Each structure stands twice: as C-alpha cells, then as structure tokens.
Amino acid sequence: MPQNLFEPRRPVARNRPPGFAAGPLPMPEEPVEPDGPVEQQAPGREPSWLRVYWNTFRSFARRRLGLGPRPPQIRQGGRSTGRIVLTVLAGIIVVIGLAGAGVALGGKQGSGTQGGGTTRPQAAPLASGPGTTGTEPSGVPSPAVRTQVAQWVIADIGPGNLVACDAALCGTLASLGFPLSSLVPVGDSADALQGADAVLVTATLRSRLGDALTALTADQPLAEFGTGAQVVTVQPIAHAGRAAYTRQLATDVAEREQAGTALLSNSRIVFAPQARLQISQGLVDLRVCAVLATLGTGHVLTVSSFGPTAPGAGPAIPLTGLEITTIDHRPATGTGPQARALRTLIGAQQPPYRPLSTSTVAAHGDSAAALLLRYSEPGPLAPAQ
C-alpha cells in the first residue's frame, strides 16, 4: 500500500470550458394550469371604433400604398386629387373588412363567455400522476424524472463540480437552485463535455452526440433514473478517454481494498456488520478512508454504514457516505462535548476531504442516531499505475 494513502491529495484541476459564461438558461416549456378562477380584465378607457378604424387604415395605407409622411413637395395638377381618391377608396375597403371581422369575432366571444365578456386562453391541462409523459416531446424525460435527477445532483454531486446537461435538465437544475456557474449546457457538439466533471445523459444527447459521447464518458454510471426512453444516466467525464478512465478506476478499486484492510485492523474503529462488509470489498471512497484514518488516530469511533448505493450505480463506483454513531463512547450527535469536537474537526478539513454536507440521521429501529458525512461525486480517482 502506498505510504501516502492517507496524505491529503491535491484536488484535480478542472477548467471551465473556454468562452462559457453563466447566464439565463432555456427553461423547458410546460403548460401551466391556472391556480384559481380566471380573472376578468379590469374595465378601462378603450379607444372608439372610429379611432381603431382610422389607425388601422393609416397603417395599411403607409405599408401598402406608400402614403407615409413625405417631405414638402410642390403639388402639380391632378396628382393630389388622384391620391385623395385612392386614399378614400382604400379606407372604405378597410372599414368594410374590419366591420365584418368585428361582427364575426363578437359572435365567437359572446358564445364563449357569460354576459358578453372575454376570457383568457386556457392552457391544456397536465396529465396527473408522477412520471407522466403526455405533455413531453419524445425522448425528453418527464418532469418527475427530471426533478428526481436534479435532486440527486444537488445532494450528491453538489455545486463544486461542473455538470453538463441538455436544455431541459439544465433548466430543472437551475429552477431548483443549482448555481448557473456549475452548469455546462450541451448543444450539438461534445466539446463542452471536456469542461465538465459529469454529464446527465438523456436520449436527446445520445442522438445528438453519438459516438463522441461514448468516447468521453465512463462505462459505469454514477446513478440512473427513469426507464425506457425516459432514462437519464449520470456519468463521469473521461477526459483522457474511456480506456484511460477504466484503467484509473481499476487502480482506485485496488487502493480502496488496501485502505479497507488497514482500517479494519485499527482497534480504535468499530464497524457495524454492514459497514465492515462494505469497506472490506473496497467499496468506500478513498477520501472517506483518509478521514477515518485521521479520526482513528486520536478517538474511538463506531461506524454504522457508508451509505446506500445510488440507484443504477456501476459496481466499481465508490460509496461516498460515512455514518458515525459514537465518538469516544459518547453519541456523535447532539450537543455533548464529544459531538461538538467531532463536528469542529470535520469542519476544519480542507478540500477534497471536506464533506459536501453534514447532517444527522435519526434513530430508527435498532439503529442509533448518526452523524452523516456525504462527499461529492464523482470523487478524484487514484492515478493509474
């Protein structure tokens, strides 16, 4: 096992795509049904029909007959009279046409409202139920799937990583508060992927990018949501190509197994059965292993779990959670001195060993309450050997 396994690693430098500037993103267009009764337009001072006819005629005459304002000219016999006659004839035609249109429109409006009033156009109602796709174009994940993906990205990837996505998913992420500066919109070129850490792969991106998408993404997803044409996979970006990423991931798995063996031999760290199985199989992220090694040098810990596997995650994708139930034989949660000291120590860690989030897991069944540390995905991998 390398001697620097638990030494702080420098974060991998990730540059943003050149020329990328955060700005408003296109939001998916979804019909919205009114929340309550449709409001009637407040009555106001409307122009008279005579004024409407005159404005319409004047606009028509200027555009069609070239009768806009002209510089002063010397009038010559016959021209002025002919223009006036032509103007009057055009005006009569326009007024008659508008009158007929007004009668037709008035009949339609009267038949659709009570008391001759007008109503706003009603949006088509959304189909009810989660995962509905009745209002979505083919290949675009439903609002329910997009929301599920966005919530996982916010909780498990976090704003510290750059996420590439199509317009629909970028819009959903932005609407839920994910920073625009952490989004990389993807159009018809795969070049934008080189500036991201992970990509949300939809049927839209697959059809647009084809083999270029496959070449720049890992073969094991971080997570997967939806089914069929609605499926969205969250995949790490393979900046050096898929083959190089696969070799690097294999090296990372080997180092995780070595780190797990070392931590299992530390008598100051007590693992619950589930946690022991997870770490012995090399499933625990190296950042979590390093933090455990640091805490285990001066404290006695009880670890209950390293968190659940993300839905659809590849078998070699590491677990990035850490649940600590006790520290120095006292609860790791609450306001006790040991719990406060643990939170202070965790908060003092520097990237990449600072957790993405720290929260409390409530006691349930036979499991005690635990302090949950969650690290961002995808984490830095060990260099390939």
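The first residue of the sequence shown is numbered 1, and numbering continues consecutively from there. Since we're looking at a predicted model, the values are computed, not measured.
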Would [X] end up clustered with [Y] when hydrophobic side chains under 4.5 Å apart are linked, directly or stepwise?
X: Ile317; Y: Val234; value: yes
X: Val361; Y: Leu373; value: no
X: Leu213; Y: Val186; value: yes
X: Ile346; Y: Leu319; value: yes
X: Leu193; Y: Val184; value: no

Going by heavy atoms in the side chains, are [X] and [Y] under 4.5 Å from each other?
X: Val153; Y: Leu200; answer: yes
X: Pro143; Y: Gln148; answer: no
X: Leu292; Y: Phe306; answer: yes
X: Arg206; Y: Val231; answer: yes
X: Pro318; Y: Val284; answer: no

**OP:** Would you check if there is a donor-acceptor pair between the side chains of Glu323 and Ser304 at a distance under 3.5 Å?
**Re:**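 Yes, a side-chain donor-acceptor pair sits under 3.5 Å.
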Original post:
Are side-chain N/O atoms of Thr202 and Asp166 paired as donor and acceptor at under 3.5 Å?
Top reply: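 Thr202 vs Asp166: donor-acceptor pair found between side chains.
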Would you give the length of the straight line joining atom [atom1] of [X] to atom [atom2] of [Y], rounded to the nearest 0.5 angstrom?
X: Ser359; Y: Arg374; atom1: OG; atom2: CZ; result: 6.5 Å
X: Ser357; Y: Leu372; atom1: OG; atom2: CG; result: 6.5 Å
X: Thr251; Y: Leu381; atom1: OG1; atom2: CG; result: 9.0 Å
X: Gln338; Y: Thr335; atom1: CD; atom2: OG1; result: 10.5 Å
X: Leu322; Y: Leu371; atom1: CG; atom2: CG; result: 8.0 Å
X: Thr302; Y: Phe271; atom1: OG1; atom2: CZ; result: 10.0 Å

Original post:
Taking it one step at a time, do Arg242 and Thr217 satisfy side-chain hydrogen bond (donor to acceptor under 3.5 Å, both in side chains)?
Top reply: CA-CA 6 Å; Arg242 175 167 286 194; Thr217 54; 3.3 Å; yes
**OP:** Could you tell me whether Arg330 and Asp328 make a salt bridge, using a distance below 4.0 angstrom between a side-chain N and a carboxylate O?
**Re:**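 Salt bridge absent between Arg330 and Asp328.
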